[in-house]
Every structure is written in structure tokens, then in C-alpha cells.
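Each chain gets a letter, A, B and so on, in the order the sequences are listed, and its residues count up from 1.
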2 protein chains.
Amino acid sequence: MGSLYPHYEEENYSSNTANLLNPEEFRRQGHMIIDFIADYYQNMEKYPVLSQVQPGYLAKLLPKSAPNIPEPIETILHDIQQYIIPGITHWQSPNYFAYFPSSGSIAGFLGEVLSTGFNVVGFNWISSPAATELEFVTMDWLGQMLGLPQSFLFSGTGGGVIQGTTCEAILCTLVAARDQMLAKVGRENMGKLVFYGSDQTHCALLKAAKVAGLECKNFRAIKTMRSTAFQLSAESLRTTIRLDVEAGLIPAFLCATIGTTSTTAVDPIRSLSEVTKEYGMWIHVDAAYAGSACICPEYRHFIDGVENVNSFSFNAHKWFFTTLDCCCLWVKDPGALTKSLSSSAEYLKNNASDSKQVVDYKDWQITLSRRFRSMKLWLVLRSYGVENLRNFLRSHVKMAKRFQQLVESDNRFEVVVPRNFAMVCFRVLPTSLKKEPNGCKIESGNIEAKLIDQEYANDFNRNLLETVNASGKVFMTHTIVEGVYVIRFAVGATLTEDKHVIKAWKVVQETVDGMLATI
Amino acid sequence: MGSLYPHYEEENYSSNTANLLNPEEFRRQGHMIIDFIADYYQNMEKYPVLSQVQPGYLAKLLPKSAPNIPEPIETILHDIQQYIIPGITHWQSPNYFAYFPSSGSIAGFLGEVLSTGFNVVGFNWISSPAATELEFVTMDWLGQMLGLPQSFLFSGTGGGVIQGTTCEAILCTLVAARDQMLAKVGRENMGKLVFYGSDQTHCALLKAAKVAGLECKNFRAIKTMRSTAFQLSAESLRTTIRLDVEAGLIPAFLCATIGTTSTTAVDPIRSLSEVTKEYGMWIHVDAAYAGSACICPEYRHFIDGVENVNSFSFNAHKWFFTTLDCCCLWVKDPGALTKSLSSSAEYLKNNASDSKQVVDYKDWQITLSRRFRSMKLWLVLRSYGVENLRNFLRSHVKMAKRFQQLVESDNRFEVVVPRNFAMVCFRVLPTSLKKEPNGCKIESGNIEAKLIDQEYANDFNRNLLETVNASGKVFMTHTIVEGVYVIRFAVGATLTEDKHVIKAWKVVQETVDGMLATI
């Protein structure tokens with residue numbers, strides 16, 4: 001080189017660190033962990049699906065402080081088997097019917113493992129171009145599968161981004177909507193912004209609004225009714241908005257839902273979007289649970305009118321075979337997101353970003369750092385293919401239908417709301433409970449008596465659910481709608497087969513038999 | 001049973017779904033993926049550390065839509081090797097010295113894989129008691145290792161929670177601080193709340209404030225100086241706050257930093273906390289990068305005074321061998337967090353939560369759903385042990401010291417700010433650049449000429465960095481402080497050994513030799 005300056009000559013430097021990523025040790029321990037998890041799936045049905053431990057169980061079993069010296073993986077896996085597994089509620093169990101299941105799959109698992117192995121921090125394009133580009137390829141693929149218009153796709157004028165959860169998707173779109181409206185009406189009017197949902201909208205909306213600094217009192221949880229399957233009606237929305245406008249408030253955001261958490265109710269997007277359009281509001285569609293079903297032609301009608309909304313999201317980790325977390329969000333106007341969520345700092349600058357030729361996803365979300373989440377989605381799409389994915393979803397719906405038929409075949413029970421997807425809302429009817437606990441027969445002739453009936457039925461169903469869950473044989477959860485305590489039976493765990501649905505029903509029936517016998 | 005109602009008799013139901021979690025197929029494909037990743041680590045140094053692809057490269061290589069039929073894992077892995085790996089910037093490469101590295105490890109990997117295998121959605125205690133309880137056990141362990149006072153631990157009066165990233169930790173604490181202050185002064189004063197950092201504070205603070213609905217104009221990025229190593233001084237803070245109070249504004253939040261992103265500067269917590277205490281403000285300590293080093297007794301002094309702050313966070317996924325994402329946040333008053341971040345809905349209610357005997361972490365963070373992140377942290381702590389973890393961190397510091405010595409041994413270069421941890425900020429000195437690009441010698445006698453010198457030096461160092469990175473041999477990034485373009489050399493990738501540091505220095509030196517030869 002001819003430099004006069006001292007150049008370092010390589011010496012025999014030895015590293016004084018053990019290699020924490022030694023490939024051969026990685027291979028050895030990696031294979032062990034795969035076998036451990038495979039065994040776990042194999043033995044799944046031996047474990048009570050709902051963990052039976054008591055609060056504080058674990059601290060009693062573990063040391064008070066971290067070990068000073070290393071412990072072998074064999075010891076750790078032994079402890080996981082001994083101490084952790086009993087404290088797990090087995091979301092992958094075929095007997096899991098609670099909340100909305102989180103449907104894992106081999107492809108989803110492998111994708112997450114690959115992403116963990118690469119361990120890239122994909123905040124901007126340059127930090128790992130493949131992480132960004134695979135995300136917009138898969139989001140376009142998935143958008144096409146859902147029949148989203150070009151206005152939501154990168155191949156059109158919009159774009160998709162993978163958030164962690166629906167809570168983030170709602171927060172991001174709400175903040176964008178807030179800022180878009182404030183840009184028109186002035187920031188001093190923040191206290192006047194009103195945001196809308198129904199009384200069935202997920203609690204994530206109110207929480208997002210609180211985080212975003214909006215006024216809780218400006219949240220309208222518009223009433224829905226059992227008689228109209230807990231749908232938010234455009235008429236109710238319009239009436240509510242009119243009152244707000246008359247009161248000098250500013251309607252800013254509506255969150256409509258496809259598949260509410262309580263009963264999988266579906267809000268009518270087309271008619272709602274006509275109302276929000278009049279007022280220049282942002283409308284977000286939260287299809288967290290049911291969005292995936294809309295890849296099936298026979299369910300696509302549930303999102304008719306989606307071309308009129310601003311943003312649409314669903315959780316691929318819920319009912320689309322990717323593991324937690326993977327919430328797919330599409331927006332028509334990415335600029336509205338990035339205007340609110342961009343950050344800049346010298347240490348993040350690079351030529352690719354400056355060229356404006358690339359997407360920097362950090363500006364589409366709350367956080368800077370982000371995992372390579374598209375990997376698992378891509379693996380799911382490729383490993384199973386569109387047609388099979390549809391069939392898997394259909395098989396869950398079919399199992400839910402089977403359960404519904406079983407409920408309907410026993411006239412002590414009712415299906416409380418029409419089943420839309422793979423969840424059945426049911427309960428033991430008040431009329432099946434002939435006696436009060438003290439043995440007196442209830443006279444059901446008047447309203448007061450009916451209310452007592454209802455309350456008693458609610459208690460009975462609550463006890464039923466608790467007894468069923470305490471058995472460890474199945475796990476379901478509940479909701480209350482229009483004062484009615486409802487047991488939710490959600491099919492969606494990947495290992496569930498017909499026989500598990502039938503067993504679950506037997507557990508319910510036998511528990512009810514036992515309970516009624518003691519009245 | 002004696003029931004008169006029809007009971008379902010088990011028939012020979014066959015499931016019409018392929019089993020997407022078939023344990024034996026899981027085992028087969030799982031082993032394949034482990035070998036794939038082990039081979040990736042083994043071959044890591046064959047790949048250019050900074051991806052050399054051009055924007056849009058991937059869409060051209062992949063089909064326009066998802067496949068209709070399944071593709072075998074072998075094909076997919078082939079495509080990953082062929083199409084994805086060239087688009088990856090290899091954060092796990094031993095030649096990775098950019099941003100702050102994300103230090104993976106076998107234990108961190110295994111923990112994430114286990115958590116993916118269990119795939120539990122741990123929003124509340126009952127949804128998987130072990131996920132919640134292991135989190136507070138490990139957070140207490142880690143808190144002890146850092147010498148956090150009991151007021152931050154569950155065994156005391158506080159508690160820890162694992163967030164995804166520092167952005168979330170800052171947003172959560174800022175929202176808690178905002179609401180705590182508004183509860184005192186009235187919500188109508190939101191526009192008066194002021195939040196403070198230095199001009200070195202991470203851009204996450206401003207973004208969090210925007211999300212939280214605070215006024216950008218109320219952010220004070222207090223000036224720091226190279227002469228005082230870019231520390232935020234208590235005096236400057238006090239002066240700034242006084243002016244704000246005089247102007248009728250309300251100081252609410254300070255984000256102090258231990259190890260800033262640009263230069264790993266350390267703000268003096270003790271003296272800053274004396275100021276914030278006077279004004280009843282919330283002080284959060286963002287130790288995203290350097291927090292982990294404070295488990296070593298010799299670095300613990302950097303967080304002296306931590307007992308006086310409200311909250312403290314660091315990223316275990318940065319420099320603590322867990323994979324992304326794992327940000328550890330401790331708060332003294334969990335009630336302040338949960339007051340702002342709690343959500344409730346009938347479908348989430350359960351006896352354990354009602355008993356108030358358990359922690360429901362959903363109320364400590366932005367999102368409802370959460371992954372079983374403590375698993376990887378627990379595995380790292382147990383697999384390596386406290387003493388080794390300290391030594392791994394020390395070995396990184398030692399390598400950075402080595403690099404610093406190399407820089408200092410070549411008088412064309414300078415180390416721009418004192419090295420605190422495992423990052424060296426350096427550049428080629430203006431005085432080493434004898435000529436302007438057009439060949440004229442610069443006269444450096446006056447201020448104007450010095451500014452020209454500086455600008456020219458900045459351009460030279462920018463070119464140097466770009467050339468070095470384009471070689472694919474190493475990857476470093478830059479910052480600009482006090483107008484000086486600085487190359488950041490951050491040691492922290494797990495596979496890095498002395499020889500890689502020495503090689504990196506050779507690449508820099510040889511590139512400079514070549515560049516100077518052409519001036």
C-alpha cells in the first residue's frame with residue numbers, strides 16, 4: 001500500500017469467549033428442542049388443557065436468584081417439563097375452544113424459527129432488504145386472496161404491513177385518523193374528536209384512544225341488539241353522529257368489526273362506509289378473527305364494501321396458521337400512516353431511504369425495531385397453498401356446525417346467536433332449570449320472574465363453564481350479551497378433530513346432567 | 001346418566017384436514033430447519049454482511065400470487081437460500097458492527113423456539129399462568145443482577161414487564177406520566193405538558209409523544225456538547241424547565257439515557273433526578289443499549305441514582321443474548337401503568353383476575369396479546385449464568401478497546417468521543433486530508449477554512465464508510481454530532497472474535513490508503 005502509517009499485523013489472537021452461537025452446539029441443542037416440542041404435541045392430550053395451578057405456584061418452585069454458573073440444557077428442559085408445562089394453558093391442545101384459538105402450524109412454526117435464526121432487526125430497508133420486500137410481496141398475495149382492491153395493494157396505490165397485534169393496527173390507524181382530522185380542524189380541537197364503535201367492538205379501541213390522548217367520554221359504543229345479531233346499524237351510527245355534530249363535536253374514526261369477540265357479529269361495512277364518507281371520517285375494519293375466512297368465496301360477502309374503507313386488518317396468528325404475532329394491516333393511503341408515525345435521526349439515515357425508492361416499515365408502526373414476521377406468513381402460504389388453506393378453515397366451520405347441531409338436538413340448550421364462522425354461542429335455557437336452589441319451582445309468568453329466571457340461568461351457565469373447565473378436559477370461555485351469560489365454543493386449534501368436538505359436547509352434557517340432578 | 005335427552009354416540013368420524021401439527025412431520029421438518037440454520041451460521045462469513053441487492057429485487061424473483069397448491073419444504077428452503085439470503089443483512093455475522101448489534105445466542109434462540117412451540121397468548125394470568133409467573137421471576141432475577149432497589153422488584157413494591165422494544169417502554173411510561181400529571185392539573189391542560197430529553201435522546205421519545213397526542217413543540221431536546229461527552233447536564237435541564245414553568249407550561253416527563261445511540265453517552269441520573277423531583281415529574285431511564293453492562297460491578301456506577309427514578313428499561317435483545325424482541329422495563333409504581341393501560345371486557349373476565357391475586361400483563365403494555373418472552377430470557381440466564389454473562393460483555397468491551405487502540409495508533413484518525421462501552425466513534429481527521437478533490441491545498445488558518453475542512457472531512461468519512469460497507473467485508477454505520485460525521489464501530493455480534501475486529505480495522509485502513517492515494 002505504501003502507507004507510512006502503522007498497519008496491524010494479524011497475530012495469533014484467541015477469543016476468550018465461549019462461542020454462544022457455535023454452529024455444532026447450536027445443531028445439537030436445536031435438535032433436542034425440536035424433539036422436546038414434537039413430544040409435547042404428541043403428549044398434548046395428557047395435560048389438562050386449562051392449567052390447574054394456583055397463583056404464585058412458580059416462584060415457590062424456582063430459586064430466588066439467577067444461577068451464577070451455567071446449567072446444562074438437559075436440566076433446563078427437565079425443569080420445563082416439571083415446572084413450566086403444568087402452568088401452561090395449552091392453546092395448541094385439540095381440546096382448546098376458548099377465546100379465539102391461536103392456530104399454529106408446522107409452516108408457521110418453521111417461519112418463526114427461521115426469522116429467529118436470522119435475527120435481523122428490520123426497521124428500514126437497508127437493515128435487511130429481504131425482510132421488507134418479502135413483507136410487501138406476501139401482503140400483496142394475501143390481499144389478492146381476500147379480494148382487496150388494488151387501492152390496498154403495493155401493486156396498486158396502497159400497501160400492507162405486518163403489525164404485532166390488532167391493538168397496534170387500531171392504534172396506528174386511529175393516530176393517523178386523529179392527525180388527519182386535526183390537520184383540517186386545528187390541533188386545539190383534539191378534545192372534540194369523537195370515535196365510534198358498537199357495544200361489541202373490541203376493548204382495544206378504547207385503550208388505543210386512551211393511549212392516543214383522546215377523551216374517553218368521546219367514545220361512542222353504539223348499542224346493538226340480539227334481535228339483529230349484534231350488528232352495528234348504519235342508522236344508529238348516523239343518528240349518533242348527527243347528535244355529536246349538533247353538539248359541536250367532530251366525528252373522526254369508526255372501527256367496524258367482522259367477527260366480534262363476543263359473538264362473531266359482522267358489521268355491514270358498505271352501509272357504514274356511506275355514513276362515514278359523508279362526514280369525512282376514517283373507517284377501519286377490524287377483522288381480527290374472521291378476516292381469514294374471507295379468502296373463501298362463500299364468506300367473501302362479509303367484507304363487501306371494503307373498497308370504501310381506509311384500512312383493514314386481520315390476525316393471521318388467530319385463524320391463519322401463523323404463530324403469534326402476525327396482524328396484517330392494509331391501508332389505502334400509506335402516507336397518512338407515515339405522516340403520523342415517521343421518525344428520523346442521523347444514525348438511521350442511508351442512501352436507500354433518501355432515494356425514496358424503498359419502504360421503511362418503521363414509519364408504518366409504533367416501534368422502530370421489528371421482527372422478520374413475513375417469513376412465517378410466506379411459509380404458510382407456500383406450504384399449504386390457497387386451496388388447502390380454504391379447506392382448513394372450512395373444516396373448522398364444519399366442526400362448529402357439528403357442535404351447533406349437537407346443541408340444537410338437546411332442547412335444554414339454545415344457540416344464542418346465529419353462527420357465522422367457527423364459533424358457537426350457547427347456553428342452558430332458563431326453562432330447563434325447573435327449580436331454584438332451595439327447591440321452589442319458579443313461576444315464569446311475569447317479567448320479574450323472567451328476570452329471576454335469567455339471573456339464575458346465568459349463574460347456572462357460569463357454574464357449568466367453571467365445572468367443565470376445571471375438569472381439564474376442555475377449555476371454553478364466556479361472554480355476556482344483552483344480559484345473557486353465554487358460553488363460547490370456538491373451533492380453531494389446529495389439532496382439533498371431529499372427535500374432540502364430540503367429546504367436548506359430551507363433557508358439557510354430562511356436566512349438565514350432573515348439575516340438574518342435584519337441583 | 002339417566003338423562004332423557006339425546007346423547008351423542010361416538011361414530012367413526014374421520015377428520016378431513018391434513019394435520020398441520022402432526023408431531024412426526026413436525027419433527028422431520030423441524031430437524032431440517034435446525035440444520036439449515038446451523039449451516040447458515042457455519043457459512044456466515046461467505047456472505048457479504050451488508051446485503052448488496054437493489055431495491056425491488058425480490059418482487060422480480062417471486063411469483064405474483066400465492067400458490068394454489070402446497071409446495072414441499074425442500075423447495076421453500078432452496079428458495080430461501082437462493083432468493084432470501086442474498087437480501088439479508090447479516091446481523092449475526094461476526095463482521096457486523098453497525099447500529100447496535102442484536103446479540104443472539106443458542107439459549108436465546110431455544111427460548112424463542114420453545115415459546116413459539118407452546119404458542120400461548122399470555123394476555124392475562126389464566127391464559128397461561130407460567131408465562132406470567134416466569135416473567136416476574138426472571139424480571140426479579142435480572143433486577144437483582146442490575147442492583148435495582150427493592151422498590152422496582154415484585155419481591156419489593158414495584159415490578160418488571162417484558163415489552164417488545166424500547167419504543168413501547170417509552171410510550172407506556174410516557175402515557176402513564178401524562179395521565180398522572182393530568183389527574184393533578186386537569187385534562188384540559190394536555191397541550192401544556194412538556195417532555196424533556198437531550199439532543200442525543202433516541203427519536204423514539206418524540207414519536208411516542210406524537211402517538212400519545214402531546215405537542216411536538218413541547219419537546220425539549222436540550223443541547224449537549226462534545227466537550228462534556230454529550231451528557232445531559234442537570235443545570236441545562238433546570239434552566240430549561242424554569243423557562244417553561246415561567247411560560248405557564250407544565251414539565252411532565254424526562255427521558256434520560258444510559259448509552260445514547262449516537263455515541264453511548266451517559267446522562268447523570270442522580271443529578272437529573274434531583275431536578276425532576278423538585279417538579280414532580282416522571283423520569284424514565286432508557287438504558288436500551290448499555291443497561292446490560294450494568295450487571296458488571298465495574299459498570300454499575302453508570303446507573304447510580306436509579307433508586308430515584310420512576311422507570312428503567314433496557315433491551316435484552318440488544319446486548320444480552322436474547323433474540324429480538326425483549327425489552328425489560330421496571331417500574332416503581334405498577335399502578336401508574338395499569339391506571340392508564342388497563343382494558344376490560346366481559347370476555348376477558350375470570351376468577352383469578354377478579355381475585356386481584358394475579359398480574360395481568362395486558363394492563364402493563366399497549367397490546368392485549370403477548371408472546372411468552374420470558375422463556376428466552378430465563379434460558380439465557382440459566383444456560384450461561386451471571387458470571388459468564390458478565391464475561392461475555394467484558395469480552396466485547398475488550399474488543400472495542402482493541403479497536404480503539406488501533407485507531408489511536410494511526411495518527412490520521414481520531415476517536416471522536418471517549419469510549420464508554422463496546423462502541424468506538426472514530427473518523428479520519430480533517431488534517432489528514434491534505435487536498436480538496438480538485439487538487440487545491442486547503443489553507444486551514446482561519447475559521448472559514450476550518451469549516452471547509454470539516455465539511456470535506458465529513459464527505460471523506462462518508463465515502464470511506466460507504467466504500468467499506470460496499471465491500472461486504474464489514475458493516476458499520478454513522479452518526480453526526482456537533483457537525484462531525486462519525487463512524488460508529490459497535491462490537492456486540494455474538495460470533496465476533498478479535499480477528500474480526502482486526503480485519504475490520506485493516507479494511508478501514510486499506511480503504512483510507514486507497515482513497516488518499518487518489519486525492
> Which atoms form the tightest heavy-atom contact between A/L20 and B/F321, and what is the distance?
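Minimum heavy-atom separation between A/L20 and B/F321: CD1-CD2, 3.6 Å.
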
> Just give me the residue among A/L134, A/N388, A/T116 that pairs up with chain B most often, heavy atom to heavy atom, under 4.5 Å.
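Looking at each option in turn, the highest pair count goes to A/T116.
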
> Please rank B/V386, B/N119, B/T367 by heavy-atom pairs under 4.5 Å with chain A and give me the top one.
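When all of B/V386, B/N119, B/T367 are compared, B/N119 has the most.
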
> Among B/V211, B/T323, B/I69, which residue forms the greatest number of heavy-atom pairs with chain A at distances under 4.5 Å?
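That would be B/V211.
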
> Can you tell me how far CG of B/L110 sits from CD1 of A/I37, rounded to the nearest 0.5 angstrom?
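The CG atom of B/L110 is 9.0 Å from CD1 of A/I37, to the nearest 0.5 Å.
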
> At what distance, to the nearest 0.5 angstrom, does OG1 of A/T477 lie from NZ of B/K349?
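One finds 14.0 Å between OG1 of A/T477 and NZ of B/K349.
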
> Is the side chain of B/Y99 donor-acceptor paired with the backbone N or O of A/Y347 at a distance under 3.5 Å, no angle test?
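Checked: no pair found.
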
> Heavy-atom pairs under 4.5 Å with chain B are the metric here; pick the option from A/Y83, A/F136, A/F36, A/Y57 that has the most.
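It is A/Y57.
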
> Looking only at non-hydrogen atoms, find the nearest pair between B/Y41 and A/G117 and report the distance.
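Here B/Y41 and A/G117 meet closest at OH-O, 2.7 Å.
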
> Please give me the minimum heavy-atom distance between B/T89 and A/S128, naming the atom from each residue.
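Minimum heavy-atom contact is N-OG, 2.9 Å.
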
> Only pairs of heavy atoms separated by less than 4.5 Å count here; which of B/E24, B/H202, B/H317 has the most with chain A?
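Result: the option with the highest number of such pairs is B/H202.
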
> Could you have a look at A/G30, A/S65, A/A204, A/S262 and say which one has the most heavy-atom pairs with chain B under 4.5 angstrom?
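That would be A/S65.
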
> When only pairs under 4.5 Å are counted, which of A/I85, A/L114, A/N315, A/L381 shares the most heavy-atom pairs with chain B?
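The candidate making the most pairs under 4.5 Å is A/L114.
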
> Nearest 0.5 Å please: distance from the CG atom of A/L171 over to the CD1 atom of B/I366.
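One finds 6.5 Å between CG of A/L171 and CD1 of B/I366.
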
> Does any backbone or side-chain atom of B/V137 lie under 4.5 Å from a heavy atom of chain A? Answer side chain, backbone, both or neither.
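Interface part for B/V137: side chain.
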
> Between B/K207 and chain A, with a heavy-atom cut-off of 4.5 Å, which part of the residue counts as in contact: side chain, backbone, both or neither?
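When you check distances to chain A, only side chain atoms of B/K207 fall under 4.5 Å.
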
> How far apart are the closest heavy atoms of A/M375 and B/I80, and which atoms are they?
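Taking every non-hydrogen atom into account, SD-CD1, 4.2 Å.
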
> Are B/T75 and A/R382 close enough that some pair of their side-chain heavy atoms sits under 4.5 Å apart?
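A side-chain contact under 4.5 Å exists here.
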
> Measuring heavy-atom distances to chain A, does B/A66 have an atom under 4.5 Å in its side chain, in its backbone, in both, or in neither?
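For B/A66, the contact with chain A is made by backbone and side chain together.
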
> Of the backbone (N, CA, C, O) and the side chain (C-beta and beyond), which part of B/E112 lies under 4.5 Å from a heavy atom of chain A, both, or neither?
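The side chain, not the backbone.
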
> Let me know if B/L142 has heavy atoms under 4.5 Å from chain A in its side chain, its backbone, both or neither.
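For B/L142, there is no contact with chain A at all, as no heavy atom is under 4.5 Å.
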
> Can you say whether A/R371 sits under 4.5 Å from chain B via the side chain, the backbone, both, or neither, judging by heavy atoms?
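Looking at A/R371, backbone and side chain both touch chain B.
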
> Which atoms of A/D140 are under 4.5 Å from chain B, going by heavy atoms: the side chain, the backbone, both sets, or neither?
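Nothing of A/D140, per the 4.5 Å heavy-atom cut-off to chain B.
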
> Shorter than 4.5 Å, heavy atoms on both sides: which option in B/K64, B/K210, B/H31 has the most such pairs with chain A?
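Most heavy-atom pairs under 4.5 Å with chain A: B/H31.
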
> Could you look at B/E188 and say if it's the side chain, the backbone, both or neither that has a heavy atom under 4.5 Å from chain A?
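Neither the backbone nor the side chain of B/E188 comes within 4.5 Å of chain A.
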
> Could you tell me which of B/P67, B/C203, B/C167 has the largest number of non-hydrogen atom pairs under 4.5 Å with chain A?
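Of the options given, most contacts go to B/P67.
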
> Where does B/T138 contact chain A at under 4.5 Å (heavy atoms): side chain, backbone, both or neither?
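Neither; nothing under 4.5 Å.
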
> Which atoms of B/Y40 come close to chain A, meaning under 4.5 Å heavy atom to heavy atom: side chain ones, backbone ones, both, or neither?
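Side chain only.
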
> For B/S369, which residues count as a side-chain contact (heavy atoms from CB on, under 4.5 Å) partner, sequence neighbours excluded?
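Result, side-chain contact (heavy atoms from CB on, under 4.5 Å) vs B/S369: A/T165, A/L324, B/V121, B/F123.
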
> Can you tell me which portion of A/S344 sits under 4.5 Å from chain B's heavy atoms? Options are side chain, backbone, both or neither.
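Just its backbone gets close to chain B.
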
> Non-hydrogen atoms of chain A under 4.5 Å away: do they reach the side chain of B/Q29, the backbone, both or neither?
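Looking at B/Q29, backbone and side chain both touch chain A.
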
> Which residue out of B/S102, B/G191, B/A345, B/S127 racks up the most heavy-atom pairs below 4.5 Å with chain A?
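The answer is B/S127.
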
> Against chain B, work out which of A/V120, A/I106, A/I76 has the most heavy-atom pairs shorter than 4.5 Å and name it.
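Most pairs with chain B among the choices: A/I106.
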
> Kindly compute the distance separating CD1 (B/I73) from OG (A/S383), expressed to the nearest 0.5 Å.
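Those atoms lie 5.0 Å apart.
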
> Identify the heavy atoms of A/N351 and B/E466 that sit nearest to each other, and give their distance.
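Heavy-atom minimum between the residues: ND2-OE2, 3.1 Å.
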
> Heavy-atom distances under 4.5 Å only: say whether B/R370 touches chain A with side chain, backbone, both or neither.
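Contact with chain A involves the backbone of B/R370 alone.
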
> Side chain from CB out, backbone as N, CA, C, O: work out which of these in B/V175 comes under 4.5 Å of a heavy atom of chain A, or both, or neither.
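Side chain of B/V175 only, per the 4.5 Å heavy-atom cut-off to chain A.
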
> Going by the angle between their ring planes, with limits at 30° and 60°, are B/F109 and A/F26 parallel, tilted or perpendicular?
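Correct class here is tilted.
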
> Taking B/I480's backbone N and O only, do any of them form a donor-acceptor pair with A/E346's side chain (distance below 3.5 Å, no angle check)?
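Flag not set: sc A/E346 to bb B/I480 has no pair under 3.5 Å.
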
> Looking at CD1 of B/I88 and CZ of A/F118, how far apart are the two atoms once the value is rounded to the nearest 0.5 Å?
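Nearest 0.5 Å value for the CD1-CZ distance: 4.0 Å.
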
> State, to 0.1 Å, how close A/R27 and B/D35 come at their nearest heavy-atom pair, and which atoms those are.
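In terms of heavy atoms, the two residues are closest at NH1-OD1, 3.1 Å.
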
> With rounding to the nearest 0.5 angstrom, report the CG to OG1 distance, A/L348 to B/T479.
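The distance works out to 9.0 Å.
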
> Give, as side chain, backbone, both or neither, the part of B/I126 having an atom under 4.5 angstrom from any heavy atom of chain A.
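Both parts, backbone and side chain.
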
> Do you know which of A/P70, A/S342, A/A208, A/A517 has the most heavy-atom pairs with chain B at a distance under 4.5 angstrom?
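That would be A/P70.
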
> With B/P55, which residues qualify under side-chain contact (heavy atoms from CB on, under 4.5 Å), at least two apart?
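Result, side-chain contact (heavy atoms from CB on, under 4.5 Å) vs B/P55: A/W125, A/Q357, A/V358.
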
> If I measure from the heavy atoms of chain A, does B/A59 come under 4.5 Å with its side chain, its backbone, both, or neither?
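Contact with chain A involves both backbone and side-chain atoms of B/A59.
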
> Under 4.5 Å from any heavy atom of chain A, what part of B/D39 do you find: side chain, backbone, both or neither?
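Contact with chain A involves both backbone and side-chain atoms of B/D39.
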
